[in-house]
Trainee: 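Take this structure, written in structure tokens, and hold onto it; I'll ask about it next.
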Amino acid sequence: EADCAALRWVGAAFELWEKSFPLEPILAAQLRKLKSVVAVTAVLDTDFYTPGAHPLHRIFDTLHKAATGWQESLGRAGQPAQTLVEETVEEILSMGEERRGELADLARSIVESVQRNQSRADRMATRAAETEQGRLKAAQAKFSAAAMINQALGKYPAPAEIGSFIRGPWYDSAQLVFLKFGEDSEQWKNMSSTTNKLLESLQPPDEEHESRRQELFASVAGIPAEVKNWLLSMQHDREAVEQIMSEIEYAHLRIMRNQPTNLENIPPIELENGKPPKPDAKVPL
């Protein structure tokens, strides 16, 4: 009669446990396979009735912790938890009476496995968060660089070859400056200022305002060096840098000689969605 009561208690305990702490059906079915082992242990081992004292208690608690939150849709990310549950259940079922003393060692081994899996999951989550944060920063850099350049292009026409340079290597460099130093930095402000100064220097001076003409000529000499300073995207292509410096200097020379520079309206840089990433975007850790 005592044995029957123990078996009824095990059945009721399993039913209550599965109802109160549900798992995905695949893993719940795996743990349910151990019901017969629990029933035998409850009949033969009086220590089983002390909560947390028996190795089977610790094994169930640890496996349940590992399985909580598991879903089949997790795929590879959820494989360690599924494998741990399946292999543990299989090992316990394969134990004969003479091996039941190994349950304590198995319980310790499972705890260590869960800790390793959790550490691995934490590292994966951290890498995913860092990747997403990097993507958001890159998207913000693209938008801010395009917005800054488009604003300047909207005010000033430019020779086609210099327009291509501004929409290409200069745009790439602006993103690098933004990422390296930030939107509120002096470096970014100088990058923006140099963009406007370069385009402004390519505009023919008004002959009626001689002072403005002299100011323009005085500033022209230093602009190529400023541009070269911010060309981060071309640091390792010296020949390309010298080529664009020559084009800028040639355009300035034509202006100082009152020769036409063939200015044209340069189309703005277009982005896929035309909107900046949300600055308050949260990345789960």
Trainee: With salt bridge (Lys or Arg N to Asp or Glu O under 4.0 Å) as the rule and sequence neighbours excluded, what pairs involving residues 64-76 come up?
Mentor: none
Trainee: For F21, enumerate each residue passing the side-chain contact (heavy atoms from CB on, under 4.5 Å) test, keeping only those at least two apart in sequence or located in another chain.
Mentor: W17, H64
Trainee: Under the salt bridge (Lys or Arg N to Asp or Glu O under 4.0 Å) rule, what pairs show up with a residue in residues 236-245, not counting sequence neighbours?
Mentor: K228-E242
Trainee: With salt bridge (Lys or Arg N to Asp or Glu O under 4.0 Å) as the rule and sequence neighbours excluded, what pairs involving residues 108-118 come up?
Mentor: D105-R108
Trainee: Does A160 have any side-chain contact (heavy atoms from CB on, under 4.5 Å) partners at least two apart in sequence or in another chain, and if so, which?
Mentor: E264
Trainee: Distance-only check: which donor-acceptor pairs under 3.5 Å involve side-chain atoms of residues 141-155, not counting sequence neighbours?
Mentor:
residue : atom : partner : partner atom : Å
S144    : OG   : Q140    : O            : 3.1
S144    : OG   : Q140    : NE2          : 2.9
N150    : OD1  : I269    : N            : 2.7
N150    : ND2  : A146    : O            : 3.2
N150    : ND2  : I269    : O            : 3.0
K155    : NZ   : N196    : OD1          : 3.0

Trainee: Suppose the criterion is salt bridge (Lys or Arg N to Asp or Glu O under 4.0 Å): which pairs have a residue in residues 24-34, not counting sequence neighbours?
Mentor: E18-R32
Trainee: Among all residues two or more places apart in sequence or in another chain, which pass the side-chain contact (heavy atoms from CB on, under 4.5 Å) test with L232?
Mentor: L176, V177, Q235
Trainee: Show me the pairs that pass side chain to side chain donor-acceptor pair (under 3.5 Å) and involve residues 166-176, at least two apart or across chains.
Mentor: W170-T195, S173-S233
Trainee: What residue pairs, at least two apart or across chains, pass ring-ring contact (aromatic ring centres under 6.0 Å, His included) with a residue in residues 183-204?
Mentor: F178-W188
Trainee: Report the residues that fulfil side-chain contact (heavy atoms from CB on, under 4.5 Å) with Q79, sequence neighbours left out, ordered by chain and then residue number.
Mentor: Q82, T83
Trainee: Among residues at least two apart in sequence or on other chains, which ones pass salt bridge (charged side-chain N to carboxylate O under 4.0 Å, His left out) with E186?
Mentor: K189
